[in-house]
Amino acid sequence: MATSLPARGTHLNAINTMLSAIGESPTTQSILDAGSSADVVMAKQILDEVNKEVQAQGWHFNTEYEVEFTPDDGDKHIVLGTDIARIDLAPAHENGLDVIVKHTSGEYRLYDKKDKTYEFENDVEATVVYFYDFIYLPHAAQHYITIKASRVYQDRVVGSQLHHKFMQTDELRALADLKDWEGETADHSIFDSLSTFRVIKRGSVNT
């Protein structure tokens, strides 16, 4: 028997949940698109803020491994897309590099702190955490982000401590659901941890 997946949420669904948290009436897509309501604009800004904050932590759904980046043939720079939240070199490909993302000349580029240069001679392989649009996230992530954004919205607009406590309980429950989903889909082991891998790697070198 086939099972149906939960419907993906939309920005409008999430914002209406946020508005309900402060006792406001639901809005419409046309008002959201026009930005004609201050409450709706603020809710959208907070939703986007929380969405990025949560995704930047790195989850199974937005993390890719062994992603290759090739230096430009001309200046040898590696220009990154604006959808990258975090990047970390694969341990086996560090080769003495200490890489971070820096914004320069209107673009995000890889920068080697060790040699203080944007120039790379070879391809770089890394683990990448991406930012995705809210509508493309799995249901568990959408639900947690919506509940967390609702709590933040209520705190900033109303500031009721009583509502804060109730919403914080809902937020913790939604986070637990997301972590359960993560555990079921990611099949993590201790060796998935970058810090664990490095400890093991150092140990093997010293033996």
Side-chain angles (χ1 to χ4, degrees), residues 8-9 11 45 47-146 148-149 174-207:
R8 292 288 176 88
H11 293 99
Q45 290 173 342
L47 180 65
D48 291 343
E49 172 189 324
V50 173
N51 183 32
K52 285 194 171 185
E53 175 192 335
V54 171
Q55 289 197 57
Q57 297 173 28
W59 301 85
H60 179 58
F61 65 82
N62 70 333
T63 302
E64 296 283 345
Y65 302 94
E66 299 179 350
V67 179
E68 289 192 354
F69 296 92
T70 301
D72 182 80
D73 290 336
D75 59 17
K76 299 182 180 179
H77 290 194
I78 295 178
V79 179
L80 305 173
T82 57
D83 61 340
I84 292 179
R86 195 167 75 240
I87 186 169
D88 196 9
L89 293 191
H93 295 81
E94 287 181 340
N95 298 322
L97 298 174
D98 183 8
V99 170
I100 61 171
V101 178
K102 292 188 73 172
H103 188 266
T104 180
S105 302
E107 295 177 313
Y108 290 98
R109 302 170 188 244
L110 276 188
Y111 178 76
D112 179 15
K113 292 176 65 178
K114 179 176 176 293
D115 291 333
K116 296 181 173 54
T117 181
Y118 289 99
E119 296 183 7
F120 293 84
E121 297 296 331
N122 303 301
D123 290 356
V124 172
E125 187 174 292
T127 296
V128 182
V129 175
Y130 290 97
F131 284 128
Y132 294 141
D133 191 283
F134 179 80
I135 63 173
Y136 299 120
L137 302 184
H139 175 75
Q142 287 187 336
H143 180 62
Y144 172 59
I145 290 168
T146 299
K148 182 179 176 68
L175 176 58
D177 290 342
L178 175 55
K179 288 183 175 180
D180 284 345
W181 180 90
E182 175 86 354
E184 291 174 0
T185 59
D187 297 325
H188 286 307
S189 74
I190 63 169
F191 301 104
D192 293 324
S193 167
L194 189 58
S195 58
T196 301
F197 184 93
R198 284 173 171 161
V199 169
I200 295 172
K201 183 183 176 186
R202 286 198 300 269
S204 65
V205 171
N206 293 333
T207 56

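Along the sequence shown, residues carry numbers from 1. In what follows, every heavy atom counts, from backbone to side chain, and hydrogens, waters and symmetry copies are set aside.
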Short question: side chain of Trp59, backbone of Val54 - any donor-acceptor pair under 3.5 Å? yes
Residue set satisfying side-chain contact (heavy atoms from CB on, under 4.5 Å) with Asp75, at least two apart, ordered chain then number -> Asp72, His77, Arg109
Please give me the minimum heavy-atom distance between Val50 and Ala149, naming the atom from each residue. CG2-CA, 3.9 Å
Of all heavy-atom pairs linking Ala56 and Ala85, the shortest is CA-CB, 4.1 Å
How many angstroms lie between atom NE2 of His60 and atom OG1 of Thr185, to the nearest 0.5 angstrom? 4.5 Å
Compare all side-chain heavy atoms of Trp181 with those of His139 and state whether any distance is below 4.5 angstrom. no
Between Leu110 and Tyr118, the two heavy atoms sitting closest are O-CD2, 3.3 Å
Distance in Å, Tyr132 OH paired with Asp83 CG, rounded so as to fall on 0.5 Å steps: 8.0 Å
Where the side chain of Thr117 meets the backbone of Glu119, is there a donor-acceptor pair that is under 3.5 Å apart? yes
Gln142 side chain to Gly9 main-chain N or O, any donor-acceptor pair under 3.5 Å? yes
Of all residues at least two apart in sequence or in a different chain, which pass the side-chain hydrogen bond (donor to acceptor under 3.5 Å, both in side chains) check with Thr70? Asp123
Sequence neighbours left out, what passes side-chain contact (heavy atoms from CB on, under 4.5 Å) with Lys114? Give chain and number order. Asp98, Asp112
Of all the heavy-atom pairs spanning Tyr144 and Leu178, show the shortest one and how long it is. CD2-CD2, 3.8 Å
When rounded to the nearest 0.5 Å, the distance separating CD of Glu107 from OG1 of Thr82 is 10.5 Å
Partners meeting salt bridge (charged side-chain N to carboxylate O under 4.0 Å, His left out) with Lys76 (sequence neighbours left out): Glu121
Between Val128 and Leu80, is a side chain to side chain contact (heavy atoms under 4.5 Å, CB included) present by the stated rule, with each step listed? CA-CA 11 Å; Val128 182; Leu80 305 173; over 6 Å; no
Could you check whether any side-chain N or O of Asp48 sits under 3.5 Å from a backbone N or O of Gln45, counting only pairs where one atom can act as donor and the other as acceptor? no
Check ring-ring contact (aromatic ring centres under 6.0 Å, His included) between Tyr130 and all other residues, then give those that pass, not counting sequence neighbours. none
Residues which pass side-chain contact (heavy atoms from CB on, under 4.5 Å) with Asp133, listed by chain and number, not counting sequence neighbours: His11, Ile135, Tyr136
Sequence neighbours excluded, the answer for side-chain hydrogen bond (donor to acceptor under 3.5 Å, both in side chains) partners of Glu49 is Arg156
Heavy-atom side-chain contact between Phe120 and Phe69 under 4.5 Å: no
Close side-chain approach of Asn51 to Leu137, heavy-atom, < 4.5 Å: yes
Taking side chain as C-beta onward, heavy atoms only, is Ile84 less than 4.5 Å from Tyr108? no
Is it the case that more than 12 heavy atoms not belonging to Phe61 sit under 6.0 Å from its CZ atom? yes
Qualifying salt bridge (Lys or Arg N to Asp or Glu O under 4.0 Å) pairs with a residue from residues 52-64, counting only residues at least two apart or across chains: Glu53-Lys148
With rounding to the nearest 0.5 Å, note down the distance linking CD1 in Ile78 to CD1 in Ile87. 7.5 Å
Sequence neighbours excluded, the answer for side-chain hydrogen bond (donor to acceptor under 3.5 Å, both in side chains) partners of Asp177 is none
